[in-house]
Colleague: 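Pasting in a structure now, in structure tokens, and then I'll have a few things to ask.
Only a predicted model underlies this, so the values are computations on that prediction, with no experimental measurement involved. In the text below, chain A, chain B and the rest are named by the order of the sequence lines, each starting its count at 1.
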Amino acid sequence: MSKRTLINDAVQERDFFQDVMDVVRQVPRGRVTSYGAIAKYLGAPRSARLVGWCMNNAHVQRPHVPAQRVVNSIGLLTGKHHFATLTAMQELLAKEGVKVKDDQVVDFRNKFWDPAVELGL
DNA sequence: TCCATGACGAGAT
DNA sequence: GATCTCGCCATGG
């Protein structure tokens, strides 16, 4: 982090970072969402990449953030390299009832959870 | 300041 | 579908 930390920056009325964490925490077990969906829900449809950047700090958040439920737009577990082990993300999902094959969520479109729809926009 | 990089996405071919 | 390219925003050298 730098002097202008995102986590404690109170300048913004509601941190984009905190918003991301909140949305991710609301993803129900057995469901997954995408970086782009979160970005869109927060009013920054072109900032999916920023959401991914925020996730770099997800693992140190309290309470815990279920980062394993966030994948890219086609259901690929692109963030698994940031977990303790390469299989941690997949195992966590499997434990919640989300099957993963070749780093890809099985039946992704059916398990997709869109905050803009589920939480209302 | 400029440039490369990154848990991304959408559109074009 | 598979690839490529470009736009996105923040960070670090």
Colleague: Without decimals, in angstroms, what is the distance between A:His82 NE2 and B:dG6 C1'?
Modeller: 8 Å
Colleague: On the nucleotide B:dC8, are OP1 or OP2 found under 4.0 Å from the side-chain N or O atoms that A:Thr78 carries?
Modeller: yes
Colleague: Which nucleotides of nucleotides 1-8 of chain C have their base under 4.0 Å from a protein heavy atom (B), which only their sugar-phosphate (S), and which neither (-), written as one string 5' to 3'?
Modeller: ------BB
Colleague: Could you give the CG-to-P distance, from A:Leu93 to B:dA7, as a whole number of Å?
Modeller: 18 Å
Colleague: From the options B:dA7, B:dG9, C:dT11, select the nucleotide whose nearest atom is closest to the side chain of A:Ser34.
Modeller: B:dG9
Colleague: Look only at the side chain of A:His64 and the backbone of A:Gln61, and say whether a donor-acceptor pair between them is shorter than 3.5 Å.
Modeller: no
Colleague: Counting only heavy atoms not in A:Lys40, do more than 12 sit closer than 6.0 Å to its NZ atom?
Modeller: no
Colleague: Which residue is it: A:Leu86, A:Val70, A:Val71? I am looking for the one with a side-chain contact (heavy atoms from CB on, under 4.5 Å) to A:Leu77.
Modeller: A:Val71
Colleague: Could you check whether A:Ala39 gets within reach of a base, just the sugar-phosphate, or nothing at all, counting any heavy atom under 4.0 Å?
Modeller: nothing
Colleague: Does a salt bridge link A:Lys80 with A:Asp103, judged by any charged N lying under 4.0 Å from a carboxylate O?
Modeller: yes
Colleague: Taking C:dG13 as the reference, what is the distance to B:dA7 when you measure between their C1' atoms (whole Å, please)?
Modeller: 22 Å
Colleague: Quick one: A:Phe16 CZ to C:dA10 P, roughly how many Å, whole number?
Modeller: 9 Å
Colleague: Would you mind reading off the distance between A:Gln90 atom CD and B:dA7 atom P, rounded to a whole angstrom?
Modeller: 19 Å
Colleague: If only atom types and distance count, is the side chain of A:Thr85 paired as donor or acceptor with the main-chain N or O of A:Ala88 below 3.5 Å?
Modeller: yes
Colleague: Decide salt bridge (charged side-chain N to carboxylate O under 4.0 Å, His left out) for A:Arg69 and A:Glu96; before the verdict, give the C-alpha distance in whole Å, the side-chain angles of both, and the deciding distance to 0.1 Å.
Modeller: CA-CA 10 Å; A:Arg69 296 177 193 154; A:Glu96 300 179 351; 2.8 Å; yes
Colleague: Nearest-Å distance, CG (A:Asp15) to P (C:dA10)?
Modeller: 12 Å
Colleague: Over how many whole Å does the gap from A:Leu92 atom CG to B:dA7 atom P extend?
Modeller: 19 Å
Colleague: Whole Å only: how far is the CZ atom of A:Phe17 from the P atom of C:dT11?
Modeller: 11 Å
Colleague: Is it true that A:Tyr35 and A:Phe108 fall in one hydrophobic cluster, defined by side-chain heavy atoms closer than 4.5 Å?
Modeller: no
Colleague: Given atom CG of A:Asn72 and atom P of B:dA10, what is their separation to the nearest angstrom?
Modeller: 10 Å
